[in-house]
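Some notes on the structure that comes next.
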Amino acid sequence: MRRSTRKLLDRSFTAYGFFSIGLMAAALLIILVPVFARGIGAFIFTETVENRRLNLEKFNRGNPEKIMREIERSQEFRRPIYERIARFEEEIRHMDPQARREYRRALTDLKRALSHLLGPVPGEPTPVLWRLQYGQTRWDRAKIKLHEVLFIQEWDYSDPDRMGVKVYRRRSEEFAGTSLYDLFDDLEKNVRDILQPRLTIYWRFLFDRSFDAHFFGGIWPEILGTFYLALGAMVFAIPLGIIAAIYLTEYARQDLFTSLLRSSISTLAGVPSIVFGLFGLAFFINTIGVSQSKSVLAGSLTLALLILPTVIRASEEAIRAVPQTYKEAALSLGAGKWFTVMTVLLPAALPGILTGIVISMGRAVGETAPIIFTAAVSVGRPLKLWQTFSQPTPALPWNIYNLSTEHEAVDEIRHVQYGMVLTLVSLVLVLNLAAIILRARVSRKLKG
Amino acid sequence: MSLSVSPVYLGREKPDSGEQAERLSTSGVPDAPETGTNRDHLITEAFSVFYGANEAVRKVSMTIRAGHVTAIIGPSGCGKSTFLRAINRMNDLIPSCYTKGRMVFDECDIYSPQIDVVYLRKRIGMVFQKPNPFPKTIFDNVAYGPRLHGIKNRGQLVELVEKCLRQAILWDEVKDRLDENALGLSGGQQQRLCLARALAVNPEILLMDEPTSALDPRATTHIEDLIATLKGDYTILIVTHNMQQAARVSDHTAFFYEGDLIEMGDTKDLFTNPVEQKTEEYITGRFG
């Protein structure tokens, strides 16, 4: 091969390398930046006076006098709105039945939209659901709800060749020529005084339990549940995995059976996680009955099965990578197999084993499918340790799925969903970072 | 000496740890029935080692004298290392490896089923071609064997570690950094550490598999001097590529060629006046 050709090959290879690494970095950024940008909204956001009222009434947080003053001020601006509506209701009584019916319907719509924005009308009986007891607690949501008050959404089917087009019509048109016509402009003008938006930091998002199906509160039960599940999986998978790896490398005869065993383990690592989930339900819950129904225990066992192949393979490779000379040295001093494994092989293989463990821990933290049938519920209280043997738990991966698909008001609680994603991603990142640091420390200790 | 086999000394009658600890701490008192340098310590009779179908060592019969240094020389692939590793049964690690014939150590057949391999290896120590200290501290490296054989008392361990490091002429270099990782030592120091580690279990026979081939000339001299000081207390078998080394350190020399023991005799005789043609050709550098 000519020298110029060799050079060209080397160069193009380097270029390819840079390209693929750059692509990966870009993909990572494209994924992570929105995750952080949106997720942070669960922690830092513009709150309204309704949020301060909620915090005071339900959690006894905040300065009561100050908040009461703010509520008072808010009420001053709300009162005219309700008064005008009451007056208008009086007015339509004297209209002809046709107009009365139409205005009444329009008014009902308006009142509903208004209560979504501001909460129940003062003096009316308190609803049971928290979400009906308060107006919008977040300014970003409040702006959307304000839009719904000001505009009516309709579908335009006038062009038969096209699908319906969404169009917005001013709600004030419904009340043209009546005393309510000006209400909307006033509301738009005064909404800042009514809701008093202010930037706030809600760090308790991590440590509050959720209320009213994640409409309010934080994600502590999910975090704790994830922690229990991962911890449980580790408790089962680590000893089993390492012992299996020691058996496979040191004790098993290297014959057909062992290689069959080994390839079965590799295959197991590739089985779809939903299959593990169904197996967990069928075996742990229905067959041997570790718990009556879903429980953290059953979920942990299922996750342990899922990560066991990874732990075994990583440990096996780490043990195999220990120089044969260490083993020979130990044996030549009269150490038995067991002593050699415990004093020489395992310590030397520790960095590799740890890496495998933390990687599989990241997997256990993030897996959704195995816990759907075995452990996860959409809402729940934070569990005590002893409750994990019998109780199901919410968990981050499953609840992210749940909030984005099955929740009754997916759009209303996007911020919680993003907050969960951010928390989960951070958790996995922190775990991986811990793995890198741990590995570096242990191998530095080994190298001296 | 007859080759009647009695598994008394190598059998499972392993003394309990206390007794053993005592024995390990009082040097120079081996388990052997008799001491002194004029007995036959290791005898092989038509001893063969196979790797699968390949006979790597072919019907070797030889006698190793106690307290003497015996060098095994020969070209690469002649089976000298295989033979050495067969003595403390390190070849057991290779699944396809098996032996024929007899190898008798203190009147016990090393390959008899009653033999406790672990106990055998305690009595027949080994130093390897490449220095292979554990990735532990210097102290823990030397203390590994004694701890394994039941010495838990810290004071006793400290004493023993010092004694062995002194024996290996390493003490002065490492006494201030016993708690540092052994992998931080130089190659020659590492090899002496391995020697100290082997000495710490108080073996009767020391097997050395090309102990200086990975070392520089100065470190090599160190090791050779060490062998001279250990002679008498230990029976030493050394495999070497280096004929000058064999001539310098050994009392007896065995020449292996393609798995056969061609010739064995006093080192002086073998190097000055070899009987076999092959030996002469090898030591004069015509092949190998």
Side-chain angles (χ1 to χ4, degrees), chain A residues 245-262 315-355 438-448, chain B residues 14 20 84-85 87-96 116-138 140-150 177 179-185 190 193-194 197-203 206-207 209 214:
Chain A
I246 292 171
Y247 170 76
L248 281 175
T249 49
E250 295 304 313
Y251 288 88
R253 259 187 319 172
Q254 305 299 320
D255 54 10
L256 190 71
F257 175 73
T258 311
S259 59
L260 210 69
L261 208 64
R262 217 173 254 131
S315 309
E316 210 190 322
E317 267 155 42
I319 293 172
R320 220 177 274 285
V322 174
Q324 186 78 5
T325 56
Y326 291 175
K327 208 167 115 185
E328 284 180 347
L331 291 177
S332 76
L333 291 169
K337 233 173 205 176
W338 172 247
F339 198 81
T340 307
V341 166
M342 295 312 283
T343 58
V344 178
L345 288 187
L346 275 189
L350 201 60
I353 294 176
L354 278 179
T355 310
L438 205 66
R439 193 193 156 90
R441 287 187 98 176
V442 174
S443 49
R444 203 180 322 125
K445 218 177 128 198
L446 282 180
K447 287 210 187 76
Chain B
K14 198 168 159 183
Q20 204 169 1
L84 194 78
R85 293 161 78 90
I87 297 174
N88 69 344
R89 290 184 61 172
M90 289 305 280
N91 284 341
D92 288 7
L93 288 178
I94 302 159
S96 65
D116 178 1
V117 179
V118 164
Y119 190 47
L120 171 79
R121 292 194 186 128
K122 181 190 147 346
R123 292 179 61 186
I124 305 181
M126 188 158 193
V127 176
F128 295 84
Q129 183 171 358
K130 257 181 78 183
N132 59 352
F134 298 124
K136 299 171 184 286
T137 65
I138 293 169
D140 286 343
N141 260 285
V142 182
Y144 186 90
R147 276 187 182 136
L148 164 66
H149 297 293
R177 46 177 180 149
D179 288 332
E180 279 175 32
N181 196 307
L183 296 181
L185 296 173
Q190 286 188 9
L193 181 68
C194 292
R197 183 177 66 186
L199 294 176
V201 292
N202 197 22
L206 257 182
L207 307 175
D209 188 0

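Reminder, nothing fancy here: chain letters follow the sequence lines and each chain counts from 1.
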Can you confirm whether A/R441 is buried at CZ, in the sense that more than 12 heavy atoms of other residues, nucleotides or ligands lie under 6.0 Å from that atom?
no

Taking every heavy atom of A/A329 against every heavy atom of B/R197, the minimum-distance pair comes out as CB-NH2, 3.2 Å

Smallest heavy-atom separation, B/Y144 atom then A/A330 atom, equals OH-CB, 3.6 Å

One option among A/A335, A/P347, A/G336 has the most heavy-atom pairs under 4.5 Å with chain B, and it is A/A335

Okay, B/P133 and chain A: the region with an atom under 4.5 Å from a heavy atom over there is backbone

Under 3.5 Å, is there a donor-acceptor pair between the side chain of B/H149 and the main chain of A/L333? yes

Look only at the side chain of B/K136 and the backbone of A/T343, and say whether a donor-acceptor pair between them is shorter than 3.5 Å.
yes

Salt bridge (charged side-chain N to carboxylate O under 4.0 Å, His left out) pairs touching residues 340-353 of chain A, sequence neighbours excluded, are none

Exactly one candidate in B/K130, B/M126, B/R85 meets side chain to side chain contact (heavy atoms under 4.5 Å, CB included) with A/E328; the answer is B/R85

The side chain to side chain contact (heavy atoms under 4.5 Å, CB included) partner of A/L331 among B/N88, B/L93, B/D92, B/V118 is B/L93

When the 4.5 angstrom heavy-atom criterion is applied to A/K337 and chain B, the contacting part is neither

Those residues of residues 319-326 of chain A that come under 4.5 Å of chain B on a heavy-atom basis, listed by number, are A/Q324, A/T325, A/Y326

CD1 (B/I124) and OG (A/S332) are apart, to the nearest 0.5 Å, by 11.5 Å

